[in-house]
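The structure displayed is predicted, hence computed values, not measured ones.
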Amino acid sequence: MKQTSSIKQKAGQFLHILLPILITQIALSAITFFDTNMSGKFGTNDLAGVAIGTSLWIPIQTGLSGILMGITPIVSHLIGSRRNKDVAHQVMQGMWLSLLVSVLVLILGGLALSPVLNFMNLEPEVRDIAFRFLRAISFGIIPLFGYTVVRSCIDALGQTRVSMFITLIALPVNVGLNYLLIFGNFGFPRLGGAGAGVASAITYWVIFLIALVFIYRAEPFRGLQLFRKFHAMSLSSFKELLKIGVPIGFSIFFETAVFSAVTLLMSRFDTVTIAAHQAAINFASTLYMIPLSICMSLTILVGFESGSGRLKDARQYGIMGIGTAAVLSLLTALVLLFAGSHVAGLYSDEPEVISLIQHFLIYAIFFQISDAIATPIQGVLRGYKDVNPAFIICFIAYWVIGLPVGYLIATYTDLGAYGYWIGLITGLAIGAILLLSRLVRVQRRFALEKA
């Protein structure tokens, strides 16, 4: 990254950072998309089972990955303040933490998986598919979290094209393995939805190993001496990483876990409704990669500029990113409005399922517009290392307001399952307003401190 002076130069650098991250995030999301989509082509029970398994896995994955993503603003600040020699130590601490997190997830997940699935009161075949999917994907937890740390470092250095290249390699690997393991082609075992979990686990190992080769041998990573010296665990470094990462992780967890909570509450509906709901959520999650990518870009750029003391430049990047996300959200809303039936057809061949998916996608229009405001703002706040208020706001907006409102509407009105989506829309909209208010206060405080 380099210092910029004009808006044109900033736009160029913003796009240079953003586009590879966007392609990377869409490709990563596409792994989940193809897991759900190809399982749906195998059968409705497999679609429901994989969708439920994914809904339980994604909040854990994204929340804990968010903690490890605390490496991004730390490395950005180190590079911005020209403390390059400290980067290798911080990245190694991130790797130690990722290993500890992985072991913890495997232990707790192994103990909690069956009770959680039993609580949902699913049809036996759907429960079995969800269980086998999650058990299979657990073999990829260690490399996935390790890759999160490595990728956070790569992106913090502005080398987002490297992350894009690695992920684009992973996508055809995942789709190919799905083709072999879900449907049992070319003599491979016919595993159905569980095969998607096996394919994803193998894919996580592939991207982790490729990333390690890159940062060990290619510039500019080689010059930072990453993984060339042994760095023992450091409690002080853990404390710094967790101080930034835990609020980030909880913010992401609160937002993603509320969708899983809705899935748990919706288990009282039939399999067709559950499958349609999860298919719509899956596609909406793919669209969410746009504001999420802008969020990640803003963390890098705002972190670099604020670390260098250029607060005006940091503020300009924030406005640019939030404005871009808002415009793009309107474009994706048009896609959902006018091409909803085509999108629904990607997930199922059954008319009843397609019709329900299309109805759910109409509601998705409204909460993805709120996401387009709230998510980039969180990226700006992380760049300023202001992370604690955001996770409190997310908790209140999604869990204190959004989920209860959805439950009341779904339970006491004729809207049924759609009531939960109205609750999600309400929570996301309130969260966006509160986060915007927080950003204004933070920028004013920084301006006063500089003055």
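Taking all atoms of both residues into account, the shortest heavy-atom contact from Gly146 to Met95 is O-SD, 3.7 Å. Closest heavy-atom contact between Ile357 and Ala279: CD1-CB, 3.6 Å. Between Ala199 and Leu177, the closest heavy-atom pair is CB-CB, 3.5 Å. Between Phe42 and Ile182, the shortest heavy-atom distance links the atoms CE1-O, 3.4 Å. The shortest heavy-atom contact between Trp421 and Ala280 is CH2-CB, 3.7 Å. Here the closest heavy-atom approach between residue Leu171 and residue Ala27 is recorded as CD1-O, 3.8 Å.
With a 4.5 Å cut-off on side-chain heavy atoms, Arg441 and Pro389 do not count as touching. Residues Leu157 and Val162 fail the side-chain proximity criterion, which asks for heavy atoms closer than 4.5 Å. Residues Ile52 and Phe133 are not in side-chain contact: their nearest non-hydrogen atoms beyond the backbone lie 4.5 Å or more apart. In this structure the side chain of Leu424 never reaches within 4.5 angstrom of the side chain of Tyr363, judged on heavy atoms. In this structure, the side chains of Tyr398 and Leu428 come closer than 4.5 Å at one or more pairs of heavy atoms. Residues Ile281 and Val262 have side chains not in contact (no heavy-atom distance under 4.5 Å, counting atoms from C-beta outward). Looking at heavy atoms from C-beta onward, Ser293 lies in side-chain contact with Leu18 at the 4.5 angstrom threshold. Ile21 is listed as a side-chain neighbour of Ile300, based on a closest heavy-atom distance under 4.5 Å.
The aromatic rings of Tyr418 and Phe360 sit tilted, their planes meeting at an angle between 30° and 60°. Taking the six-membered ring where the residue is Trp, Tyr407 and Tyr420 present tilted rings, their angle falling between 30° and 60°.
No donor-acceptor pair under 3.5 Å is formed between the side chain of Ser437 and the backbone N or O of Ile433. Between the side chain of Ser237 and the backbone N or O of Met233, no donor-acceptor pair lies under 3.5 Å. In this structure, the side chain of Asn185 engages the main chain of Tyr179 through a donor-acceptor pair within 3.5 Å. A donor-acceptor pair is defined here as one N or O able to donate and one able to accept, closer than 3.5 Å; such a pair exists between the side chain of Gln93 and the backbone of Ser234. Between the side chain of Asn174 and the backbone N or O of Ala170, no donor-acceptor pair lies under 3.5 Å. Between the side chain of Thr72 and the backbone N or O of Ala156 there is no donor-acceptor pair closer than 3.5 Å.
The environment of CZ in Phe366 is sparse: at most 12 heavy-atom neighbours from other residues, nucleotides or ligands sit within 6.0 Å. For Phe238, the CZ atom is densely surrounded, since the number of other residues' heavy atoms within 6.0 Å is greater than 12.
Note that the CZ atom of Arg151 and the CE atom of Met296 stand 4.0 Å from one another [nearest 0.5 Å]. Distance check, rounded to the nearest 0.5 Å: CG of Leu298 to CG of Leu381 gives 10.5 Å. Distance CD/Gln61 to CD1/Ile141: 9.5 Å, rounded to 0.5 Å. Glu240 CD to Ile74 CD1: the interatomic distance, rounded to the nearest 0.5 Å, is 4.5 Å. Ile207 CD1 to Ile166 CD1: the interatomic distance, rounded to the nearest 0.5 Å, is 8.0 Å. Taking CG of Leu22 as the reference point, atom CD1 of Ile17 lies at 13.5 Å (rounded to 0.5 Å).
A cation-pi arrangement, defined by a distance under 6.0 Å to the six-membered ring centre and an angle within 45 degrees of its axis, is present between Arg127 and Phe131.
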Given side-chain contact (heavy atoms from CB on, under 4.5 Å), test Leu287 with Leu336 step by step and report yes or no. CA-CA 10 Å; Leu287 292 180; Leu336 291 173; 3.8 Å; yes
So Tyr288 and Thr375, side-chain contact (heavy atoms from CB on, under 4.5 Å) or not? Walk me through it. CA-CA 9 Å; Tyr288 176 68; Thr375 306; 3.3 Å; yes
Determine, step by step, whether Met320 and Leu301 satisfy the side-chain contact (heavy atoms from CB on, under 4.5 Å) criterion, reporting the C-alpha distance in whole Å, the side-chain angles of both residues, the deciding distance to 0.1 Å, and the verdict. CA-CA 11 Å; Met320 184 180 297; Leu301 293 165; over 6 Å; no
Run the side-chain contact (heavy atoms from CB on, under 4.5 Å) check on Ile425 and Ser370 step by step: do they pass? CA-CA 8 Å; Ile425 293 166; Ser370 296; 5.5 Å; no
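Judged by distance alone, the side chains of Asp35 and Ser200 do bring a donor and an acceptor atom under 3.5 Å apart.
Residue Ser65 forms a side-chain contact (heavy atoms from CB on, under 4.5 Å) with just one option from Val149, Ile60, Thr148, and that option is Thr148. Looking at Leu64, Ile142, Leu97 one by one, the single match for side-chain contact (heavy atoms from CB on, under 4.5 Å) with Ser102 turns out to be Ile142.
Taking the six-membered ring where the residue is Trp, the centroids of Phe395 and Phe250 are separated by 6.0 Å or more.
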